[in-house]
Structure formats: structure tokens, C-alpha cells
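Below is one structure, written out as C-alpha cells; comments come after it.
Throughout, a chain's letter reflects where its sequence line sits, starting with A, and its residues are numbered from 1.
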2 protein chains.
Amino acid sequence: MLATLRQHGIQPTPQRLAVAKVVLGRDRHPSAEEVWAKVRRRCPTVSRATVYNTLNLFVDKGLLTMQVLREGTAVFDAEVRPHHHFIDERTGRIYDVPWDALQVQGQESLNHYDVRELQVVLRGRRRKE
Amino acid sequence: MLATLRQHGIQPTPQRLAVAKVVLGRDRHPSAEEVWAKVRRRCPTVSRATVYNTLNLFVDKGLLTMQVLREGTAVFDAEVRPHHHFIDERTGRIYDVPWDALQVQGQESLNHYDVRELQVVLRGRRRKE
DNA sequence: TCCTGTCTTAGACTTATTCTAAATTACATG
DNA sequence: CATGTAATTTAGAATAAGTCTAAGACAGGA
Ligand SMILES: [Mn+2]
Ligand SMILES: [Mn+2]
Ligand SMILES: [Zn+2]
Ligand SMILES: [Zn+2]
């Protein structure tokens with residue numbers, strides 16, 4: 001964890017390590033406020049600004065992506081490789097769908113657009129089990 | 001326009017007609033605040049709450065969809081049939097991509113998910129011309 | 001130790017959106 | 001028409017996500 005931060009050119013501080021522990025290597029998609037709540041359980045003195053700053057720093061350094069998938073609040077994603085998302089419309093929970101699970105065809109017909117990145121956003125209900 | 005509202009079970013009022021004129025039948029994806037700004041040019045007395053209420057009413061009645069594509073603010077879409085979106089990363093502008101322009105394959109592999117709805121979200125730069 | 005740059009903090013601020021309570025308008029009925 | 005009731009609109013307060021500010025804490029180098 002500490003090594004990961006160093007490798008990405010991030011000075012490891014106790015606050016940053018606490019945030020890293022909560023988001024990196026997980027397959028959740030928490031909002032900044034959710035991260036702050038979890039971090040505070042362990043380190044109750046960490047400020048909101050530090051959590052926001054740290055998450056944005058992690059995005060800039062390529063440790064996280066920020067996704068606009070939920071109304072009203074951005075979420076952070078520790079899976080930085082391209083992939084798709086399924087959103088459960090009952091719970092609001094966001095699930096990763098592996099890149100290779102879906103194929104998108106027809107891009108060559110979009111002459112007017114220089115597509116740099118894409119994802120499929122699926123909504124519905126997760127089957128129990 | 002007036003007929004459209006009636007057909008969807010919406011009491012036409014001057015305020016609702018003003019909002020309808022600004023959003024329905026257009027291929028823009030304005031935020032509520034942008035709609036309010038445009039409506040006020042013609043009817044400066046219309047309140048913010050009425051614009052938000054009207055947009056939400058139009059969504060409930062199926063005249064609009066609300067899309068979560070932009071950080072910090074929802075946008076409204078007069079194209080209610082399924083389609084995809086291209087977002088210009090320089091300007092932030094959102095363009096409609098027709099449903100038939102792209103094919104998404106592999107859905108049958110997603111056994112754990114009951115997919116009710118999907119769209120492809122593309123990001124990049126629109127080619128000049 | 002002192003200097004300087006980096007981090008963190010509390011709280012103020014901004015922006016999008018919803019809520020509230022009161023006023024207006026529309027509608028139906030006698 | 002008169003009047004009661006429901007629907008609509010309004011201004012402004014309230015809420016929530018996110019950023020900014022200014023001051024203090026901390027770390028590394030001279
Ligand atoms: Mn950023
Ligand atoms: Mn709604
Ligand atoms: Zn993801
Ligand atoms: Zn659209």
C-alpha cells in the first residue's frame with residue numbers, strides 16, 4: 001500500500017494511507033462522503049478537505065478513476081482499466097462488468113467523432129443468489 | 001405543444017408551456033439551471049422551483065428523460081427512445097448517437113444481471129466540419 | 001536551528017436541488 | 001355570480017456535494 005503510493009509519486013502520509021486502505025484494491029464505487037465516513041472510523045480527526053484532496057490526487061496520479069454514474073454525486077473506482085458498469089436500480093449499487101464481457105460494434109460509422117474512451121452503462125436488477 | 005402536454009395528462013399552464021418550448025423537440029441536453037435561464041428571457045417571473053417541478057413532471061409523464069452524464073448536474077433529454085451519447089471532452093457538449101449506430105453484444109453472458117436498459121457512453125472529441 | 005515547501009485543518013463559500021409556507025389561479029358546484 | 005376546494009406558482013429557506021481560504025503543523029535541507 002505504502003509502496004503503491006510511492007510508485008505513483010505520492011508522498012505517503014497517515015491520512016493518505018487511511019484513504020488508500022478504504023478505496024484501493026476494492027471493487028466498491030464509493031462517493032467521497034462515504035470514503036470520509038469510513039476513514040473517520042479509524043482516524044476521526046481527518047478533515048473532509050483532505051479526503052476530497054486525496055481522492056482527486058489519486059485520480060490525477062492514475063490510482064483511481066472518477067465516474068459519473070449516480071445522480072448528485074461522483075463515485076470513485078479502484079479499477080482503472082477500461083470496463084463497463086451495471087447499476088442495480090433498486091439498491092443503487094454499482095457493479096463492474098469486465099471489458100471482455102461485452103463487445104461494442106459500429107464505432108467506425110461515427111465519422112464525426114474521435115472516440116477516445118467508451119463504456120456501456122447497464123441498468124436493471126441483480127439476480128439473487 | 002399544448003396538445004402534447006394534454007396528451008400526456010399534464011395541465012397546460014403558461015409556465016409549463018414556456019418550459020416545453022425550451023426543451024421539447026430539441027436535441028440539446030440542458031441542465032435545469034440552463035432551462036431556467038432560457039425560460040426567464042421570455043417570462044422573467046417564472047420561479048426556479050417551477051422549472052424544477054415542471055422538468056420532473058415531464059420526466060414522470062414520459063416527455064423527457066433525465067440523464068446522469070455530467071459531473072455535478074443532471075441534464076434533460078427530449079429524446080425518450082433508447083439511444084447512446086457522445087460527450088465532447090473539450091466543450092462538455094453531449095450529442096445523441098442513434099440506437100442503431102452501435103450494437104452491443106455479449107449481454108447473454110451476464111447471467112447475474114437482469115438488464116432492463118443500457119446505453120453506450122462515448123467520450124472524445126468531435127471532428128470539425 | 002531556521003527556512004521553505006508540502007500537508008492538513010476548520011470553516012466559509014458555491015452550486016445544484018429540494019422543501020416550505022403562503023399566495024394565486026383554476027374548477028366545480030349551488 | 002359566489003364560494004369552497006384543489007392545483008399551481010412563488011420566494012426564500014434548507015440540504016447536500018464539492019471547492020476554496022487562511023492558518024497551523026510537519027518534513028527535509030542548509
Ligand atoms: Mn481533479
Ligand atoms: Mn422525479
Ligand atoms: Zn467500476
Ligand atoms: Zn440524448
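Take A:Val80 and apply the side chain to side chain contact (heavy atoms under 4.5 Å, CB included) test, not counting sequence neighbours, and it matches A:Thr65. Partners of A:Arg81 under the salt bridge (charged side-chain N to carboxylate O under 4.0 Å, His left out) rule, at least two apart in sequence or in another chain, are A:Glu79. Applying the side chain to side chain donor-acceptor pair (under 3.5 Å) test to A:Asp88 and every residue at least two apart in sequence or in another chain returns nothing. The side chain to side chain contact (heavy atoms under 4.5 Å, CB included) test applied to B:Val97 returns A:Leu110, A:Tyr113, B:His84, B:Phe86, B:Ala101, B:Leu102, B:Leu122, not counting sequence neighbours. In this structure, the side chain to side chain donor-acceptor pair (under 3.5 Å) partners of B:Arg116, at least two apart in sequence or on a different chain, are B:Asp114. Scanning for side chain to side chain donor-acceptor pair (under 3.5 Å) contacts around A:Tyr95 gives A:Arg126, with sequence neighbours left out. Partners of B:His83 according to the ring pair (Phe, Tyr, Trp, His ring centres under 6.0 Å) rule, which considers only residues two or more places apart in sequence or in another chain, are B:His85. Applying the side chain to side chain contact (heavy atoms under 4.5 Å, CB included) rule to B:Ser31 yields the partners B:Glu33, B:Glu34, B:Thr73; only residues at least two apart in sequence or on another chain are considered.
The CG atom of A:Asp60 sits 16 Å away from the C1' atom of C:dT6 (whole-angstrom rounding). Atom-to-atom, CG of A:Asn53 to C1' of C:dA10 comes out at 13 Å; the value is rounded to the nearest Å. Residue A:Trp36 contributes atom CH2, which lies 14 Å from atom P of D:dT19 at whole-angstrom precision. In this structure, A:Leu55 atom CG and D:dA17 atom P are separated by 14 Å, rounded to whole Å. If you measure from atom CZ of A:Phe58 to atom C1' of C:dC7, you get 13 Å, rounded to the nearest angstrom. We find that CZ of A:Arg40 is positioned 12 Å from P of C:dT9, with the value rounded to whole Å.
Dashed line: the shortest gap from a side-chain N or O of A:Thr50 to OP1 or OP2 of C:dT9 is under 4.0 Å.
Side-chain contact between B:Leu118 and A:Val121 is absent, with no heavy atoms from C-beta onward closer than 4.5 Å. Residues A:Ile94 and A:Arg70 are in side-chain contact: their nearest non-hydrogen atoms beyond the backbone lie under 4.5 Å apart.
Residues from residues 10-22 of chain B with heavy atoms under 4.0 angstrom of DNA chain D, sorted by number: B:Gln11, B:Thr13, B:Gln15, B:Arg16. Of the residues in residues 61-70 of chain A, not one comes within less than 4.0 Å of DNA chain C through any heavy atom.
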Acceptor/donor pairs from residues 5-18 of chain A side chains to any protein atom, 3.5 angstrom cut, sequence neighbours excluded:
residue, atom, partner, partner atom, Å
A:His8, ND1, A:Lys61, O, 3.2
A:Thr13, OG1, A:Arg16, N, 3.1
A:Arg16, NH1, A:Gln11, O, 3.0

Listing time: all N or O pairs from protein to nucleotides 11-17 of chain C that are below 3.5 Å?
residue, atom, partner, partner atom, Å
C:dT17, OP1, B:Ala74, N, 2.9
C:dT17, OP2, B:Tyr52, OH, 3.1

